[in-house]
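One structure is given here, and the rest of the page talks about it.
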Amino acid sequence: MKREARKGLPPLDLSGLKPGQKVTLRIAPNPNGPPSLGNARGIIVNAEYARMYDGVFIMRFDDTDPAIKKPMLEAYQWYVEQAKWLGCPPDKVVIASDRLPLYYEYAEKLIELGKAYVCTCENETFHDLKEAGKPCPHRETEPAGNMGQWKKMLAGDFAGKEAVLRIKTDIRHRDPALRDWVAFRIVTEEHPRTGHTYRVWPMLDFESAMEDHFLGVTHIIRGKDLMKTADKQRYVYQYLGWEYPHVSHWGRVRLLGFGKFSTSVMKKGIQGGEFTGWDDPRLPTVAALKRRGFEPEAIRNVMINMGVTETDIEFSMDTLYAENRKIADPKANRYFFVADPVALRIDGAPGIVAKAPLHPQDPGRGYREIPVPADPGILVARSDLPVMQPGSIVRLKDLYNVKITCAEPLRGEYIGNDIAVLKQGAKIVHWAPADGVPVRVVGPEGEYHGIAEPGVKAELNNVVQFERFAFVRIDTIDGVVLAYYTHP
RNA sequence: GCUCCGGUAGUGUAGACCGGUCAAUCAUGACGGACUCUCACUCCGUCGACUGGGGUUCAAAUCCCCACCGGAGCACCA
């Protein structure tokens, strides 16, 4: 038994590979919104496996429902761009809605083989028969008859819901989920890419079965919710004499700290003005993480460490935060930001220029210089008020020491600049000059308003650390500075 | 109701296929301490788990059965 901890993803089963065949994987998103953290897992894990085996990573858009999960034209591009950002550029991009004729061709092949039939049962009628394990009257239609009905479907002789093409499996299969499933249905809604060109659309089970074969996919890795899809698709593979790829599944992921955010819930929230957009920091989208300043490598690391277990999990953002901090901390310059500022008037202080390192572990990076006039009114965070009671001594970080003389209004007196006060129990507080810049920090938990030292204006698009507060990404500088909260 | 999958510390994960070396790995977290002009970083220490019950066996986290818990499918969604 070996005892070594696994690094990276567990190895793939390569036993089914033919000589010269490349490991081929795909992610098959529905472009009805931008990628979420869950989609990122699929992108990263599949791409990483392709990378491990010098294989092929395909991005295939399963955009075959123009009605209920209507695709968004912009989302196709978002997926590709954000996969690139994550360090997982697809080797090939395929769009299902481009390839309907191909699916039709194989539908007809299956009809000819007597393995597919057009069913015009009422939804409920079929359901009841199926539950009872009984065939519907259409099941025994001859291929020629089915072909005629199929052509009628294509020609528009049926309205939506009036006819479907079913794959013949085993109507008495012990698992009702596998009995004679629907391969095509009629959808008259306009498709954003193909308009009204097609009115007969494949279901995921069928479209995906075709594409995985045509694209030479060797390994399918997807969510557990699609476990039975494989069993359904094997029927088709068997009828056509194809070999089904290796499949593995990961369990359901519950994202701790975020509510239940399906694509449709997010979309509704954005339209309703509850969220500012798909990159609102309160949303678990890749776009939001990007805007918050996360390192793609950190996201990749956590996804790879999670692996592909079938266990249902509760994922804590703390894990991502920790992983990101490892990368962000050495890079981020330090600044003071005072949330919910309170003025502190200091008596007897000389005018000086405070010097604080941009990074405590890297003095070579230089210093922030913050001029502070004599007897200044500076700003401190309201949350530090408890340590600033009359009589208490505080160290204004990188500035000087102050003895508090009055709490209301807050006032103190200058008592020198000897750092030794810290040994005597003085608390450290950070501060901002009266002429600092207003900053609004937006984060998953809400907004913070405050003042930062003017130097942050030189950090547009960078992640910086607001000392004793959090890491943030400076997003916009336009009068007030807008910062996105990364993590503590 | 039918069917399928899973259950290792607060969280994620290794070990499970091929029982022993598992008084169970690593990470994160919590707590304590060192360092530090940050509540960050770094370092040290502590805490904390095999869902329960039977069975097989000299030996079970690992194999079998049952129960319980969690999740999924039974859609003209993906």
Side-chain angles (χ1 to χ4, degrees), chain A residues 1-7 10 28-32 62-65 67-71 119 121-123 126-127 130-131 133 160-166 173-179 181-187 200-201 203-205 207-208 222-229 231-232 249 251-254 256 262-264 301-302 305-307 309-323 325-326 328-330 332 334-336 356-357 359-362 383-384 395-401 417 419-422 426 428-430 465-471 487-488:
Chain A
M1 197 194 297
K2 8 173 233 225
R3 250 324 143 43
E4 293 165 31
R6 195 200 74 215
K7 275 180 277 212
N30 180 341
N32 62 342
D62 286 352
D63 58 344
T64 54
D65 180 3
I68 300 169
K69 294 202 170 163
K70 203 181 187 70
C119 173
C121 286
E122 287 282 325
N123 209 332
F126 186 86
H127 176 265
K130 184 187 69 178
E131 290 298 318
K161 304 263 178 196
E162 281 185 356
V164 296
L165 184 75
R166 289 186 185 281
H173 196 290
R174 61 197 301 263
D175 185 346
L178 266 41
R179 297 173 187 163
W181 48 275
V182 174
F184 287 85
R185 84 299 206 185
I186 295 163
V187 186
V200 176
W201 288 89
M203 301 291 289
L204 170 86
D205 293 321
E207 174 268 334
S208 169
R222 61 186 166 202
K224 221 170 145 187
D225 50 324
L226 294 178
M227 221 159 209
K228 297 214 166 172
T229 290
D231 295 326
K232 293 184 187 176
H249 305 93
R252 188 187 129 109
V253 180
R254 220 156 59 89
L256 261 21
S262 64
T263 302
S264 57
N301 290 345
V302 300
N305 288 340
M306 267 199 277
T309 59
E310 288 188 12
T311 316
D312 300 324
I313 61 169
E314 297 186 317
F315 177 76
S316 165
M317 290 295 283
D318 285 349
T319 310
L320 213 209
Y321 291 173
E323 201 62 46
R325 195 146 41 220
K326 286 181 199 164
D329 187 85
R334 268 56 172 173
Y335 292 94
F336 291 145
H359 195 285
Q361 269 85 45
D362 184 7
S383 59
D384 278 330
R395 167 70 185 175
L396 294 172
K397 190 168 183 288
D398 302 308
L399 184 61
Y400 45 56
N401 309 324
N417 195 6
I419 243 173
V421 293
L422 292 175
I428 289 177
V429 291
H430 63 285
Q465 189 202 44
F466 282 165
E467 292 194 46
R468 307 207 312 141
F469 179 75
F471 288 87
H487 53 66

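Remember, it's a predicted structure, so these values are computed and weren't measured experimentally. Here is the naming used below: chain letters follow the sequence lines, and residue numbers restart at 1 for every chain.
- Here the P atom of nucleotide B:U28 and the OH atom of A:Tyr321 are 17 Å apart, to the nearest Å.
- The separation between A:Asp312 atom CG and B:C4 atom C1' is 13 Å, rounded to whole Å.
- Of the listed nucleotides (B:U11, B:C41, B:C74), B:U11 has the atom at the smallest distance from the side chain of A:Glu314.
- Here the shortest heavy-atom pairing between A:Phe315 and A:Val302 reads CZ-CG2, 4.4 Å.
- Take the nearest nucleotide of RNA chain B for A:Ala322 and for A:Arg179: the residue whose nucleotide is more 5' is A:Arg179.
- Residue side chain A:Gln465 reaches the base of B:U38 through a donor-acceptor N/O pair under 3.5 Å, judged by distance alone.
- B:G48 sits 13 Å from B:A24 when the C1' atoms are compared, rounded to a whole Å.
- For the pair A:Asp312 and A:Arg252, the tightest heavy-atom approach, listed with the atom from each and the gap, is OD1-N, 2.9 Å.
- Side-chain N/O atoms of A:Arg468 and base N/O atoms of B:A40 include no donor-acceptor pair closer than 3.5 Å.
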For this session: Carefully, step by step, assess A:Arg179 and A:His173 under the rule side-chain hydrogen bond (donor to acceptor under 3.5 Å, both in side chains).
Result: CA-CA 6 Å; A:Arg179 297 173 187 163; A:His173 196 290; 5.9 Å; no
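- Distance from the side chain of A:Arg185 is smallest to B:C76 among B:C76, B:C4, B:C37.
- For A:Asp175 and A:Lys228, the salt-bridge test passes: some basic side-chain N is under 4.0 Å from an acidic carboxylate O.
- No hydrogens or angles were tested; on distance alone, a donor-acceptor pair under 3.5 Å links the side chain of A:Lys224 to the base of B:C5.
- Remark: the A:Lys397 side chain and the B:C37 base include no donor-acceptor N/O pair separated by less than 3.5 Å.
- Summarising the local packing, CD of A:Glu122 is surrounded by 12 or fewer heavy atoms from other residues, nucleotides or ligands at distances under 6.0 Å.
- Taking atom C1' on both nucleotides, B:A59 is separated from B:G6 by 27 Å, rounded to a whole Å.
- Side chain A:Arg174 to base B:U3: no donor-acceptor pair is found below 3.5 Å.
- Residue A:Leu204 is classed as a base contact, given a heavy-atom separation below 4.0 Å to a base.
- Between B:A78, B:G12, B:C37, one nucleotide has an atom nearer to the side chain of A:Lys69 than all others, and that is B:A78.
- A:Thr64 comes within contact range of the sugar-phosphate backbone alone, with a heavy-atom separation under 4.0 Å but no base atom that close.
- Among the nucleotides B:U28, B:A40, B:C37, the one closest to the side chain of A:Lys326 is B:U28.
- Counting any heavy atom pair closer than 4.0 Å across all strands shown, A:Glu323 reaches no nucleic acid atom.
- For A:Leu422, the side-chain atoms get nearest to B:C37 when compared with the rest of B:C37, B:G7, B:C76.
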